[in-house]
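So the structure is just underneath, and the comments pick up after that.
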Amino acid sequence: MKPFRRYVAIAIDGGGMRGLMVTHALAMLEQALGFPCRDIFQLTTGTSTGSIIAAGIAVGIPADKMTALYMTLGETIFTTTWRKLLFPLTRYRYSDKPLAAALHSHFGNSIMGDFWTDARKVDVVITAYDLAENKTRFIKPWKAQYALWPVQKAVQASCSVPTIFPPVDSRYIDGGVGSYANPCYVAAYEAVECLGWNPHETTLISIGTGRNPYTYDSNHLPKLCAWDWIGRTIDVFSQSAADQQVHLVRQFYPALDFRRFQVDLHAPIAMDNTRQTKALLAYGTQLGRMILNNQVDPSQGIIIKQAPTRQETMYG
């Protein structure tokens with residue numbers, strides 16, 4: 001594997017149970033390097049399930065333990081109850097209590113500011129969307145307004161996918177509802193503009209949670225009903241937004257050692273699907289091998305032309 005630079009950051013996508021493939025891939029990275037992710041990354045950034053992993057890295061939970069937690073807690077959090085069976089007559093599919101209990105058992109009463117007062121500071125950026133103010137919030141330990149936020153609250157807010165879980169404090173929902181399901185540009189901006197890291201000395205690892213397979217033969221395109229279009233449109237928006245973040249990093253921070261890793265799924269896997277753990281582990285192995293062999297996602301290879309100068313804009 002290509003060596004990391006002086007500063008190393010990680011950004012992890014949302015995806016519910018598909019976070020299992022990320023933790024498994026990171027366990028392979030830890031095994032290859034011989035030390036935990038806590039000793040690798042000085043900046044961790046995550047959205048939704050990615051926020052769980054980002055915070056887990058920051059508090060020093062080994063990746064193989066996080067993998068085991070996804071395996072054991074998935075069915076506890078995404079359990080079948082009357083609420084799920086009656087959805088969409090109910091407002092959301094699952095109670096937030098099992099998720100809150102699981103997060104509290106591992107993050108306890110720690111607050112975001114604890115990451116910044118540690119002997120070895122680590123920056124943790126968690127995205128959540130604020131319905132009251134209609135904007136994305138970037139929850140981080142060194143910012144005064146978030147320093148006293150419980151880590152559990154920040155992570156749970158980022159994981160509160162609409163229709164899946166209720167909003168936290170009746171206002172905070174999954175940060176991936178906007179443009180930041182893939183938070184790689186958030187991590188790049190945080191590293192260079194906020195922490196002052198030299199891009200030439202910085203490695204940014206971005207890990208996806210699988211791309212749904214929606215490629216068809218142009219001569220045999222499916223005829224979609226209204227319900228199919230809803231899901232398809234959401235997937236197209238999410239994937240387009242995720243790829244856009246990759247392009248923004250390359251456009252504005254070309255000096256970064258930026259590595260985006262993503263796998264193509266053979267079939268869609270819903271974020272609350274707890275019956276596909278074997279497949280997710282297999283995808284995790286594939287993702288881990290990509291990281292260890294520097295096999296970046298093809299979307300990172302798209303050529304971006306240099307922006308036109310003011311004169312070129314004025315005179316064509």
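Residue numbers start at 1 and run along the sequence shown.
Between the side chain of N198 and the backbone N or O of H200, at least one donor-acceptor pair lies under 3.5 Å. At distances below 3.5 Å, not a single donor-acceptor pair connects side-chain atoms of T47 with backbone N or O atoms of D13. A distance-only check finds no donor-acceptor pair linking the side chain of Q152 to the backbone of L103 [under 3.5 Å]. Between the side chain of T49 and the backbone N or O of G15, no donor-acceptor pair lies under 3.5 Å. Between the side chain of D174 and the main chain of G176, a donor-acceptor pair closer than 3.5 Å is present. Although no hydrogens or angles enter the test, the distance criterion places a donor-acceptor pair under 3.5 Å between the side chain of T72 and the main chain of A68. Without hydrogens or angle criteria, T79 side chain to T76 main chain gives no donor-acceptor distance under 3.5 Å. Under a 3.5 Å cut-off, the side chain of S158 and the backbone N or O of V155 do not form any donor-acceptor pair. Proximity of a side-chain donor or acceptor of S160 to a complementary backbone N or O of I173 within less than 3.5 Å is not detected. In terms of modelled atom types and a separation under 3.5 Å, the side chain of D39 and the main chain of F35 share no donor-acceptor contact.
Shown here is N293, whose CG atom has more than 12 heavy atoms of other residues, nucleotides or ligands within 6.0 Å. Within 6.0 Å of CD in Q295 there are more than 12 heavy atoms belonging to other residues, nucleotides or ligands. Residue Y189 qualifies as open at atom OH: its count of foreign heavy atoms under 6.0 Å is 12 or below. With a 6.0 Å radius and a threshold of 12 heavy atoms from other residues, nucleotides or ligands, R171 has its CZ atom above the threshold.
For T163, the side-chain hydrogen bond (donor to acceptor under 3.5 Å, both in side chains) partners two or more places apart in sequence, or in a different chain, are R93. Remark: Y172 engages W149 in a ring pair (Phe, Tyr, Trp, His ring centres under 6.0 Å) (not counting sequence neighbours). Remark: R211 pairs with D264, D297 by the salt bridge (Lys or Arg N to Asp or Glu O under 4.0 Å) rule, at least two apart or across chains.
In this structure, R259 pairs ionically with D257, as a charged nitrogen and a carboxylate oxygen lie closer than 4.0 Å. Electrostatic pairing of D272 and R18 does not count as a salt bridge here, judged by no charged N lying under 4.0 Å from a carboxylate O. By the 4.0 Å N-to-carboxylate-O rule, R137 lies close enough to D130 to be salt-bridged with it.
With contacts defined as side-chain heavy-atom distances shorter than 4.5 Å, the pair L43/Y7 does not qualify. L248 places none of its side-chain heavy atoms less than 4.5 Å from the side chain of Y253. In this structure, the side chains of H106 and I61 come closer than 4.5 Å at one or more pairs of heavy atoms. Counting only heavy atoms from C-beta outward, the side chains of T45 and E190 never approach each other to under 4.5 Å. Between N182 and R260, the closest side-chain pair of non-hydrogen atoms falls below 4.5 Å. A heavy-atom distance below 4.5 Å is not found between the side chains of I12 and I205. By the 4.5 Å heavy-atom criterion applied to side chains, V177 and P162 are counted as neighbours. Contact annotation: the side chain of L20 approaches that of T277 to within less than 4.5 Å [non-hydrogen atoms, C-beta and beyond].
Atom OG of S206 is separated from atom CD of Q245 by 9.5 Å, given to the nearest 0.5 angstrom. To the nearest 0.5 Å, atoms CE (M28) and CD1 (I291) are separated by 8.5 Å. Within the model, atoms CD1 of I52 and CD of Q156 stand 9.5 Å from one another, a figure rounded to the nearest 0.5 Å.
In terms of heavy-atom proximity, G208 sits nearest to L287 at O-CD2, 3.8 Å.
F78 and Y94 have their aromatic ring centers within a separation under 6.0 angstrom. A distance of 6.0 Å or more separates the ring centres of Y180 and Y129. The aromatic ring centroids of H266 and Y283 lie less than 6.0 Å from each other.
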